[in-house]
2 protein chains.
Amino acid sequence: MNVTGRTRRPASIRDVATAAGVSYQTVSRVINGHPSVKPATRDRVLAAIDELGFRRNATALALASGRSRAVTVLTANTTHYGYASILQGVEEAARAASYAVGIGVLESAEEAAVAAEVQRAADAGGGLIVIAYDPAGVRALAAVPAELPVVGVVETPASPPGEDRPWVWTDDREAAYEVTRHLLSLGHETVHYVAIPSSTRRTSARTSGWREALRAAGAPEPRPLQGSWGPAGGHTAGRRLAKDPAVTAILCGNDDLALGVLRALHEAGRSVPDEVSVAGFDDAPHAAYLTPSLTTVRLDFTGLGRAAFALLHGAMEESAQVAPHPVSVPELVIRESSGPSRR
Amino acid sequence: MNVTGRTRRPASIRDVATAAGVSYQTVSRVINGHPSVKPATRDRVLAAIDELGFRRNATALALASGRSRAVTVLTANTTHYGYASILQGVEEAARAASYAVGIGVLESAEEAAVAAEVQRAADAGGGLIVIAYDPAGVRALAAVPAELPVVGVVETPASPPGEDRPWVWTDDREAAYEVTRHLLSLGHETVHYVAIPSSTRRTSARTSGWREALRAAGAPEPRPLQGSWGPAGGHTAGRRLAKDPAVTAILCGNDDLALGVLRALHEAGRSVPDEVSVAGFDDAPHAAYLTPSLTTVRLDFTGLGRAAFALLHGAMEESAQVAPHPVSVPELVIRESSGPSRR
DNA sequence: CTGAAAGCGCTTACAG
DNA sequence: CTGAAAGCGCTTACAG
């Protein structure tokens with residue numbers, strides 16, 4: 001609100017300069033915290049900034065300086081718990097650093113569509129965080145032009161990646177190993193696995209961890225069942241597993257799959273955990289409230305998102321360098337859905 | 001990849017002009033689809049664009065033209081089903097229109113914090129979509145400067161808003177009315193209600209619809225219980241309701257609350273739907289797979305997000321004007337958790 | 001149909 | 001410590 005009552009155009013650096021009786025370069029120095037400004041001058045400028053409600057135009061800043069305080073998250077999904085939580089973590093950290101956060105959804109894994117999305121994200125300016133938990137994300141990460149700052153949120157790599165790979169992940173393999181061992185320790189002969197879709201043609205980290213635990217225990221290694229990301233896929237897989245009386249323990253690639261499996265077992269009249277134990281992955285908000293409540297592995301997705309941003313932030317500003325490859329440690333949460341084998 | 005092997009700076013309009021042997025203004029005309037360009041010239045420019053891999057710099061475009069093809073979604077939450085789905089809908093529509101989408105989270109409902117977030121969103125340039133389902137969102141919507149294009153995703157307004165209110169909503173009141181009537185039609189004497197937090201001090205649309213249905217049926221009107229957004233709040237409310245043997249039907253403000261209520265009833269040994277019927281709101285992905293599967297009302301949140309974007313898009317570009325106040329119609333989904341009263 | 005000029009709101013050297 | 005110039009990559013009138 002100014003005296004004339006008209007506030008069409010926001011105050012610019014020149015308006016502030018006029019009001020403070022200095023040149024606009026001096027205003028630029030003040031808003032950039034440049035040291036060589038006489039305190040009295042600075043105060044006058046600050047007063048003018050305050051009076052006019054001046055805010056530095058981010059677009060002009062980006063164009064003139066060639067760098068923009070922005071990050072775009074590229075993801076195949078925004079509603080699943082893990083994805084949404086990573087996005088939340090990125091936003092939290094970005095907000096704290098006064099970065100704008102954009103989002104681009106990879107609706108298709110088709111090469112051309114992915115390339116187009118990466119271009120859109122690049123056009124937005126700033127850095128990129130790519131969630132590479134699925135084929136679309138993996139392709140997007142690979143398609144990012146070399147000159148763009150980028151951090152990938154990836155599955156646990158099979159082997160330690162080079163220092164130059166700006167990646168973050170949770171230790172899914174270890175998590176899968178732990179929860180599988182928990183189920184085996186209850187006396188189950190083996191553990192069946194309903195997998196989330198894998199990001200590549202290679203075996204996923206969760207699948208590896210599960211298999212290693214079976215191997216270590218000398219347990220039979222059944223073929224993993226392919227699920228999807230949601231409960232419907234778990235339900236389909238659960239119906240097949242429910243038919244086999246030898247199945248007494250099922251690990252699911254995430255809590256939504258587990259929900260579908262629980263439902264399928266219920267429909268087949270097989271009680272959990274008395275006849276079959278079930279465990280999930282993620283510790284989504286609903287896991288604790290299902291009946292039976294779900295044994296699962298808690299993963300710190302928001303922390304992962306924050307770590308991804310921190311890494312990117314370090315790459316985009318010479319200050320605040322961050323250690324590469326942050327890894328968050330999973331935590332086994334034992335609830336009602338897993339119990340002793342009755343065989 | 002160019003011949004020199006160096007691709008530091010992306011091609012600009014001037015690079016294209018040089019390559020095509022025209023002035024850069026002509027290039028501008030071509031990329032803006034201006035009619036008065038000789039076909040032969042246009043072709044040469046197009047060829048140069050293609051060859052150099054030119055992409056128009058969005059930052060410069062925004063600065064020079066004063067308008068930016070971007071929308072920022074302001075929301076208190078990114079993980080709850082409804083919020084996340086609206087965001088997804090906005091992104092879908094924005095992508096189709098080649099708009100960038102940003103996101104700002106309102107972590108606090110405190111006036112100053114909200115104002116700061118609105119400022120950040122305004123700084124990003126472009127239009128705003130504010131999800132005003134909670135106090136933070138309502139305040140943010142009110143705090144948006146008049147000169148900014150904005151669309152509010154709101155609860156069903158108590159009275160028809162003016163044509164100048166660019167708002168979208170689902171018909172929550174009607175939805176609550178329908179599902180309450182469904183429960184009453186099963187013979188329940190009345191229906192208890194576990195509410196989501198209301199966006200303002202006034203009664204929410206869902207609460208109104210529930211109350212109207214009770215009133216129309218001449219049923220007693222119990223006080224609504226205050227819940228939260230997640231299952232924990234439902235669990236707390238459910239424990240209290242479980243103690244009262246007169247309670248035979250419970251409506252919940254969303255499916256997550258219903259999950260907590262189901263759990264509390266289970267813990268109290270009250271069977272659903274034999275002793276108590278439960279219904280939710282939203283038809284979140286897990287609703288169909290719970291045991292018992294959840295009766296609920298399906299709301300088209302992604303459609304709502306798309307509508308919000310369409311309205312904003314119409315306001316930001318003179319073309320494609322859209323009818324104000326899009327409303328999506330809810331759909332009752334009857335599942336196992338509701339059944340006849342046994343009283 | 002096409003070119004030369006001015007400007008969007010800033011920053012980055014360059015002067016003094 | 002502070003000011004005048006040039007420029008970021010575009011668009012928008014203005015000429016011809």
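So you know, we letter chains A, B, ... as the sequences are listed, proteins then strands, and number each from 1.
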Practice problem: Going by the side-chain contact (heavy atoms from CB on, under 4.5 Å) test, name the single residue among I103(A), I131(A), T75(A) that passes it with L87(A). | Solution: I103(A)
Quiz item: Which pairs pass ring-ring contact (aromatic ring centres under 6.0 Å, His included) with one or both residues in residues 21-72 of chain B, sequence neighbours excluded?
Solution: none
Exercise. Using the criterion of both pairing distances under 3.5 Å for Watson-Crick and G-U wobble pairs, give all stems of 3 or more consecutive pairs involving DNA chain D.
Key: C:1-3 with D:14-16, C:5-12 with D:5-12, C:14-16 with D:1-3
Quiz prompt | Any pair counted as salt bridge (charged side-chain N to carboxylate O under 4.0 Å, His left out), so long as it reaches residues 75-91 of chain B, sequence neighbours left out | solution = R120(A)-E91(B), E91(B)-R95(B)
Quiz prompt | Which residues share a side chain to side chain contact (heavy atoms under 4.5 Å, CB included) with R69(A), sequence neighbours left out | solution = S98(A), Y99(A), E317(A)
Quiz prompt | salt bridge (charged side-chain N to carboxylate O under 4.0 Å, His left out) contacts touching residues 39-49 of chain B (sequence neighbours left out) | solution = none
Exercise. Could you check which of dG3(D), dT2(C), dC1(D) has an atom nearest any side-chain atom of T41(A)?
Key: dC1(D)
Practice problem: Figure out the NE2/P separation between H34(A) and dC1(D), and round it to whole Å. | Solution: 10 Å
Self-check item: All side chain to side chain contact (heavy atoms under 4.5 Å, CB included) counterparts of A124(A), not counting sequence neighbours
Solution: T72(A)
Practice problem: Report the residues that fulfil salt bridge (Lys or Arg N to Asp or Glu O under 4.0 Å) with E111(B), sequence neighbours left out, ordered by chain and then residue number. | Solution: R139(B)
Please tabulate, one pair per line, each protein N/O and nucleotide N/O from nucleotides 6-10 of chain C that are separated by under 3.5 Å, including the distance.
unit_1, atom_1, unit_2, atom_2, d
dC8(C), O2, A64(B), N, 3.3
dC10(C), OP1, N57(A), N, 3.3
dC10(C), OP2, I13(A), N, 2.8
dC10(C), N4, R14(A), NH2, 3.3

Self-check item: Partners passing ring pair (Phe, Tyr, Trp, His ring centres under 6.0 Å) against Y133(B) (at least two apart in sequence or in another chain)
Solution: Y83(B)
